[in-house]
Amino acid sequence: MASVPSLAATVNQRVSDALSAALPEAGAADPLLRRSDRADFQANGMLALAKKLKGNPRELAGKVVDGVSAPGLIQDVEVSGPGFLNITVADEAIVKTLAARAEDDRLGVPYAENPGTTVIDYAQPNVAKEMHVGHLRSAVIGDALRHLLDFTGEKTIGRHHIGDWGTQFGMLIQYLIEHPGELAPAEDVDGEQAMSNLNRVYKASRAVFDADEEFKERARKRVVALQSGDKETLDLWQRFVDESKVYFYSVFEKLDMEIRDDEIVGESAYNDMMAETARLLEESGVAVRSEGALVVFFDDIKGKDDQPVPLIVQKADGGFGYAASDLSAIRNRVLDLQATTLLYVVDVRQSLHFKMVFETARRMGWLNDRVTAHNMGYGTVLGADGKPFKTRAGETVRLEDLLDEAAQRAAEVVREKARDLTEEEIQERGAQVGIGAVKYADLSTSANRDYKFDLDQMVSLNGDTSVYIQYAYARIRSILRKAGETGPVPHPELPLAPAERALGLHLDAFGDTVAEAAKEYAPHKLTAYLYQLASLYTTFYDQCPVLKADTPEQTENRLFLCDITARTLHKGMSLLGIRTPERL
């Protein structure tokens with residue numbers, strides 16, 4: 001089913017037609033329509049057009065107004081200021097457009113014009129290490145972007161580039177070979193305990209690695225054994241990976257995120273490609289030998305003393321670094337997965353690394369006009385003091401602890417408001433509200449900015465929070481249940497109150513907002529839209545009686561506005577990976 005165009009798009013087209021008819025010498029011109037406080041919409045395009053035609057903008061605007069004819073759509077058009085067009089749409093057009101959208105589960109969200117295949121690199125924990133607050137943003141932002149892109153018709157493929165290769169595994173494996181009783185049998189512990197044991201052993205091995213030069217040398221030789229496929233080494237490595245995956249799944253389940261096993265493709269997956277990647281780079285001249293290492297230089301990237309900062313593909317000792325695995329991953333994603341877009345959701349502190357990797361891939365032709373790469377560098381999660389979020393002891397906050405506390409805090413809020421919920425339902429809603437609160441706080445901030453992690457604010461019923469939106473949704477569902485046999489029915493013939501108009505016009509913008517958020521990789525634009533929608537619904541609820549309206553038709557029409565608002569809130573929140581409970 002084709003998406004129903006928004007009122008904004010329809011009005012823009014009518015004004016554009018009138019402009020072309022009144023001023024044919026202008027050619028194709030955009031009226032530059034936008035929402036306005038002075039009317040429903042304002043067209044600002046006459047100013048630029050008047051400059052182009054060397055005419056008076058108010059006079060040209062007057063000619064366009066005379067040519068606008070859209071009965072049932074546009075109620076009034078007037079010239080304002082230096083040549084703006086203030087446009088008011090008809091009440092019936094608002095209701096009719098929303099009624100047409102209500103017949104489609106997409107609620108007016110258009111499909112992308114030229115959908116392709118996007119590989120999203122997100123949620124990248126490290127094997128043998130517990131996940132901490134620093135892993136939160138990549139997972140939450142990546143998951144939301146994937147929902148948005150999928151819904152607009154893009155084919156998405158997830159890639160979780162987990163840290164499962166390199167020096168630290170030589171260190172860890174060598175330590176366990178020399179201290180075989182340090183790790184409890186996997187069958188004796190659950191996933192969380194297994195990861196805690198691995199994490200403890202990792203810290204112990206790191207301490208020895210840093211203090212003992214002979215152990216460090218043995219660990220480096222163990223890396224070579226790992227890379228060359230030594231059975232004893234690989235068996236231990238595989239155990240670390242398997243136990244870590246069980247743990248990862250448990251954390252992502254708490255985050256209410258689906259992680260597919262076939263999409264966990266760590267650094268190790270590209271081990272067999274890295275030598276060929278290095279060879280291709282060197283043979284093409286993109287990479288050169290410098291002091292025994294294979295590196296790529298860039299004219300615009302320099303460090304101290306104005307010396308060039310190279311991208312190291314292969315170290316002088318023959319070992320491969322992150323650049324080799326990242327470039328091999330690009331080759332795989334472009335050549336094997338046929339990706340048209342590579343989207344990386346990684347810490348903003350890695351921006352320089354990926355700038356160099358992407359430029360190297362462009363020089364090789366792996367990235368070009370048809371295949372592009374984008375780094376969604378995200379900011380840091382800060383504590384209330386504005387510093388990186390730590391425990392009181394100064395340690396990194398475990399992600400599981402943070403999520404558990406959010407669910408517990410939210411359950412307290414739900415319990416205070418609950419009227420007919422059992423304790424089991426309160427705990428279930430608490431998890432949905434608490435995890436939703438964490439996700440929403442993350443997503444409502446532009447990805448490249450830092451944000452403060454404040455649970456008290458996140459689970460508040462007031463302000464720009466997911467809890468506020470979830471309660472608005474639950475309130476609507478309650479009203480619809482109380483309506484009984486009276487159902488939502490649109491009545492375009494009825495005049496709309498100001499609060500009804502404001503709500504209806506904002507509902508009309510849902511499709512355009514989702515399309516823009518997906519195109520610009522900007523989930524914060526959708527969160528802002530949903531918060532405003534919940535706020536406008538609160539005003540509507542306060543000013544416009546629903547079940548006690550003046551006439552049955554008015555009740556049906558207001559129930560219709562309630563119903564499509566609830567569906568829009570539900571759909572919008574689901575695109576962010578946040579649940580909307582029916583009862584709170």
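Computed from a prediction, not measured in an experiment: that's the story for all the values here. One-based numbering along the sequence shown.
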Quick one: are [X] and [Y] in side-chain contact, heavy atoms under 4.5 Å?
X      : Y      : result
Leu172 : Phe240 : yes
Lys439 : Asp256 : yes
Thr341 : Tyr521 : yes
Ile469 : Tyr473 : no
Asp450 : Val381 : no
Asn375 : Lys355 : no
Tyr451 : Leu382 : no
Leu280 : Arg331 : yes

- prompt: Stepwise, does the side-chain contact (heavy atoms from CB on, under 4.5 Å) test hold for Tyr468 with Leu461?
  reply: CA-CA 5 Å; Tyr468 177 77; Leu461 289 167; over 6 Å; no

Looking only at side-chain N and O atoms, does [Y] offer a donor or acceptor that is under 3.5 Å from a partner on [X]?
X      : Y      : answer
Arg370 : Thr340 : no
Tyr247 : Glu130 : no
Ser444 : His524 : no
Asp326 : His353 : yes
Thr465 : Ser460 : no
Gln338 : Thr117 : no
Thr233 : Arg222 : yes
Tyr378 : Asp442 : no

Does [X] have more than 12 heavy atoms from other residues, nucleotides or ligands lying within 6.0 Å of its [atom1]?
X      : atom1 : value
Glu424 : CD    : no
Lys155 : NZ    : no
Leu176 : CG    : yes
Glu253 : CD    : no
Arg415 : CZ    : yes

NZ or CZ of Arg363 within 45° of Phe358 ring axis and under 6.0 Å: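 Negative - Arg363 is either too far from the ring of Phe358 or too far off its axis.
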
task: Using the side-chain contact (heavy atoms from CB on, under 4.5 Å) rule, take Met171 and Gln168 through it: C-alpha gap first, then chi angles, then the decisive distance, then the call.
output: CA-CA 5 Å; Met171 173 188 80; Gln168 65 267 37; 4.2 Å; yes

Note: [X]-[Y] ion pair, threshold 4.0 Å (strictly below):
X      : Y      : answer
Glu243 : Lys245 : no
Asp235 : Arg239 : no
Asp454 : Lys452 : no
Arg159 : Asp121 : no
Asp210 : Lys216 : no
Glu276 : Arg279 : yes

message: With ring pair (Phe, Tyr, Trp, His ring centres under 6.0 Å) as the test, pick out the partner of His161 among Tyr344, Phe354, Tyr322, Tyr270.
response: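 Testing each of Tyr344, Phe354, Tyr322, Tyr270 against His161, the sole residue satisfying ring pair (Phe, Tyr, Trp, His ring centres under 6.0 Å) is Tyr270.
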
field: Spacing of CG belonging to Leu226 relative to CD belonging to Gln174, to within rounding of 0.5 Å
entry: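 Interatomic distance, Leu226 CG to Gln174 CD, rounded to 0.5 Å: 12.0 Å.
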
- prompt: Distance from Leu530 atom CG to Leu576 atom CG, nearest 0.5 Å?
  reply: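 Nearest 0.5 Å value for the CG-CG distance: 6.0 Å.
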
- request: Verify salt bridge (Lys or Arg N to Asp or Glu O under 4.0 Å) between Arg409 and Asp456, making sure each step is shown before the conclusion.
  value: CA-CA 8 Å; Arg409 194 79 64 86; Asp456 289 333; 2.4 Å; yes

query: Do the rings of Tyr529 and His506 sit parallel, tilted or perpendicular, given the 30° and 60° boundaries?
result: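 The arrangement is parallel - the two ring planes meet at less than 30°.
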
- prompt: Among Arg429, Glu425, Glu423, whose side chain to side chain donor-acceptor pair (under 3.5 Å) with Gln427 holds?
  reply: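 For Gln427, the side chain to side chain donor-acceptor pair (under 3.5 Å) check succeeds only for Glu423.
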
field: salt bridge (Lys or Arg N to Asp or Glu O under 4.0 Å) between Asp105 and Arg567, intermediate numbers included
entry: CA-CA 9 Å; Asp105 286 341; Arg567 290 173 60 192; 3.8 Å; yes

field: side-chain contact (heavy atoms from CB on, under 4.5 Å) assessment of Gln470 paired with Ile578
entry: CA-CA 9 Å; Gln470 287 168 320; Ile578 301 174; 3.8 Å; yes

- request: Of all the heavy-atom pairs spanning Ala447 and Arg137, show the shortest one and how long it is.
  value: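 Heavy-atom minimum between the residues: O-NH1, 3.3 Å.
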
- request: List the steps, then state whether salt bridge (Lys or Arg N to Asp or Glu O under 4.0 Å) holds for Arg101 with Glu103.
  value: CA-CA 5 Å; Arg101 293 213 169 156; Glu103 297 177 4; over 6 Å; no

message: Would Asp404 and Lys254 count as a salt bridge (Lys or Arg N to Asp or Glu O under 4.0 Å) here? Give the steps.
response: CA-CA 8 Å; Asp404 288 342; Lys254 283 188 178 182; 2.8 Å; yes

- request: Mind running side-chain contact (heavy atoms from CB on, under 4.5 Å) on Arg583 and Leu421 for me, showing each step along the way?
  value: CA-CA 8 Å; Arg583 297 173 186 266; Leu421 298 179; 4.3 Å; yes

